[in-house]
Amino acid sequence: MLIISNLNASIDGKSILKGISLEVKAGEVHAIMGPNGSGKSTLAAVLAGREFAQVTEGTVTYMGRNLLEMPAEDRAREGIFLGFQYPIEIPGVSMVNFMKTAVNEHRKYKGLEPLSASDFLKLMRDKKELVEIDSKLANRSVNEGFSGGEKKKNEIFQMAMLEPRLAILDETDSGLDIDALRIVANGVNKLKKPDNSTIVITHYQRLLDYIVPDVVHVLYDGRIVRTAGKELALELEAKGYDWIRKEVNNS
Amino acid sequence: MEKDQDKLLNDVTSGEYKYGFYTDIETDSIARGLTEDTVKLISAKKSEPDWLLDFRLKSFRQWQTMKMPAWANLKIPHIDYQDIIYYAAPRQRPALASLDELDPELKKTFDKLGIPLEEQKHLAGVAVDAVMDSVSVKTTFRETLAESGIIFCSFSEAVKEYPELVRRYLGTVVPYTDNFFATLNSAVFSDGSFCYIPKGVRCPMELSTYFRINAANTGQFERTLLVADEEAYVSYLEGCTAPMRDENQLHAAVVEIIAENNAEVKYSTVQNWYPGDKDGKGGIFNFVTKRGMCRGENSKISWTQVETGSAITWKYPSCILKGDNSTGEFYSVAVTNHHQQADTGTKMIHIGKNTKSTIVSKGISAGLGQNSYRGLVKVLRNASGARNFSQCDSLLLGSRCGAHTFPYIEVDNQTAIVEHEATTSKIGEDQIFYCNQRGISTEDAIALIVNGYAREVINKLPMEFAVEAQKLLQISLEGSVG
């Protein structure tokens, strides 16, 4: 589904990603872990098409197409969803209106008619239940005045509405208490289908108790320095990131 | 990142003005320039009674002693008032009995503007007075309205058919000495709409006036007089467009509204005069005086305006709250893109007891546009229990435009409560990216955010026009990515 090959990217001339290669197959869950400043969020931004990061080398192929040539909105319509680390507030735009526009843009891209108002509201109701989100949130402006936990739940709700092929969850667990974490993780698990994939970017292991990864990568200083099964996450939790740092610096 | 934004803004500033065409139609116009003889000539062309000619001459003499106001936050190029044509009328056969006799070119013009003059074709429940240059060419649904005693006709006809009513109210809200532009209008106004809703009548349909400037080098000076007698209700809408020209054209209108006891008037404007091109060439200078008088107790006047056009807008629709318990409202969205400038707002004058006013102003600036809100809330000594709430928001798109707020508050009564809130925000790149990431294109994202921002005001418009206004906002801001 996604093949990243020797990806190099910089922000304002400063090199952040230094040759990342990884492959995500349909149905897999990958976790990307790493200390602060290792380039995790930059990787997510590059995949989603945010322009502040400049790709200097390498390729990204998504569903057989050159992802880096596609504008951000087309990547979204092709099924890439980014769960934001810091979801953005858009005052004055109701969640209903926002989601209706988004869902109908996705449908237009696929050559489908826009959903009728009643079908849309029904879809919203179903998905709200699925992710256990407070019904009132949908009537408010996008993320405006939401608590940290509400914002993250709202990301999962949007993911449920848009049914992505590849979901990239950027530090979705940060700032969540244990109950919110469980709700968010349950949402992700319920949305899991055999042919869609998830990349979970996280600093801590605890989210991976709920969302069990097939593969764990450790990102350090813009490079993937370790790739293994889910047991790697436990090892990191026990030992911290220092041993990785030492190992990399010694080699 | 700033640089990228500016580049984007530069790249795509092609918001197209749909109404920029010109109709080649035979026009009866007078020579350029303004003297007492011009005023007399206009009056003679309309075979006006002496009292009206006197009103015009008084105004003209007053105007000669006045100077153009310079206090607005606007850069106004020199206007040569002797280089303007003060009267231009599409030539047509006199005594227009039915639509069949209307010049087909004229009819076509209004069809093209989406204002069909056939009653059966028109938006259900909207009566229209269509004004081209200096004269009203057609008023629809006059007979239907007359059945409930409502008078809706061109100003010129009103002067002929209901001289007493016109004389009783003309200049009572905006006196001929009021200000430079209103005084000029009082001297040379050519036509406009007149509307009278009798006691106890709820006007069964929306009334509207559509203003079109067509002839070159012409100024448009129309006058609207709207009277709602006791317990009456009316919702009124005006729209306006003009051809694209390299020269600036002057539009100086006066609107007067009178609301008697328990009457309510809702006045909505969708202003779409030609704004000039993206380099700031051409466009209408819109210097308008609009004022309503809540004369009776419990009366209410509500102004809603969506201002997207004109090169320069100078306009402060106001309410004089004279009757006890009367209410004034002002809801405004003003957009300035490219080189447009707007200095707009309202005045709420609380005279009666327990009078209430609400002001919601939303400015949107893009390109090199400059947008100023200027508002006065004045509570007089006897206006005990007066209450005002004002909210002035500014939204900036890009980094080269400007937003300014000039609120004036004068309170002479201790019991008054006056609130003022203001915010300034910018459409952020992160907001746009958030929308992009959900599959929404940048243009659609801006439209979504701007419409969300302006929703509170747009919702106050009659339904058919709310949709129109939303589209207009989108067109006005096309390409102004921030």
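Basis for what follows: all heavy atoms, side chains included, without hydrogens, waters or symmetry-related copies.
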- Considering non-hydrogen atoms only, spot the tightest contact between Ala76(A) and Gly439(B) and give its length. CB-N, 3.4 Å
- Reported CZ-to-CG distance for the pair Arg455(B) and Asn97(A), which is rounded to 0.5 angstrom: 7.5 Å
- Which of Phe84(A), Tyr86(A), Phe98(A) touches chain B most, by non-hydrogen pairs under 4.5 Å: Phe84(A)
- Measure across Gln431(B) and Ile88(A) and return the closest heavy-atom pair with its distance rounded to 0.1 Å. CG-CG2, 3.6 Å
- Query: Roughly how far, to the nearest 0.5 Å, is the CZ atom of Arg438(B) from the CE atom of Met161(A)?
  - Reply: 12.0 Å
- Is it true that atom CG of Asp12(A) has more than 12 heavy atoms of other residues, nucleotides or ligands lying nearer than 6.0 Å? no
- Note on the structure: Whatever's closer than 4.5 Å to a heavy atom in chain B on Tyr109(A) counts as neither
- Message: Is any side-chain heavy atom of Cys435(B) closer than 4.5 Å to one of Glu105(A)?
- Response: no
- Can you say whether Leu82(A) sits under 4.5 Å from chain B via the side chain, the backbone, both, or neither, judging by heavy atoms? both
- By a 4.5 Å heavy-atom criterion (distance strictly below it), what part of Val142(A) contacts chain B: side chain, backbone, both, or neither? side chain
- For atom NZ of Lys108(A), is the number of surrounding heavy atoms from other residues, nucleotides or ligands below 6.0 Å larger than 12? no
- Message: A quick test of your reading: do over 12 heavy atoms of other residues, nucleotides or ligands sit less than 6.0 Å from CD of Glu23(A)?
- Response: yes
- Message: How long is the straight-line distance from CD of Glu51(A) back to CG of Asn436(B), given to the nearest 0.5 Å?
- Response: 8.5 Å
- Among side-chain atoms of Asn143(A) and Tyr434(B), is any donor-acceptor pair under 3.5 angstrom? yes
- For Lys190(A), does the NZ atom sit with more than 12 other heavy atoms under 6.0 Å from it, leaving out its own atoms? yes
- When you look at NZ of Lys100(A), are more than 12 heavy atoms from neighbouring residues, nucleotides or ligands closer to it than 6.0 Å? no
- Can you tell if the side chain of Arg50(A) reaches within under 4.5 Å of the side chain of Asp430(B), non-hydrogen atoms only? yes
- Spatial distance of atom CG (Asn104(A)) from atom CG (Asp444(B)) [nearest 0.5 Å]: 11.5 Å
- Message: Tell me if the NZ atom of Lys347(B) is crowded by more than 12 foreign heavy atoms within 6.0 Å.
- Response: no
- Query: By a 4.5 Å heavy-atom criterion (distance strictly below it), what part of Pro164(A) contacts chain B: side chain, backbone, both, or neither?
  - Reply: neither
- Item | Neighbour count above 12 (heavy atom, 6.0 Å) for Lys356(B) NZ | no
- Nearest-0.5 Å distance that lies between atom OG in Ser94(A) and atom CG in Leu448(B): 8.0 Å
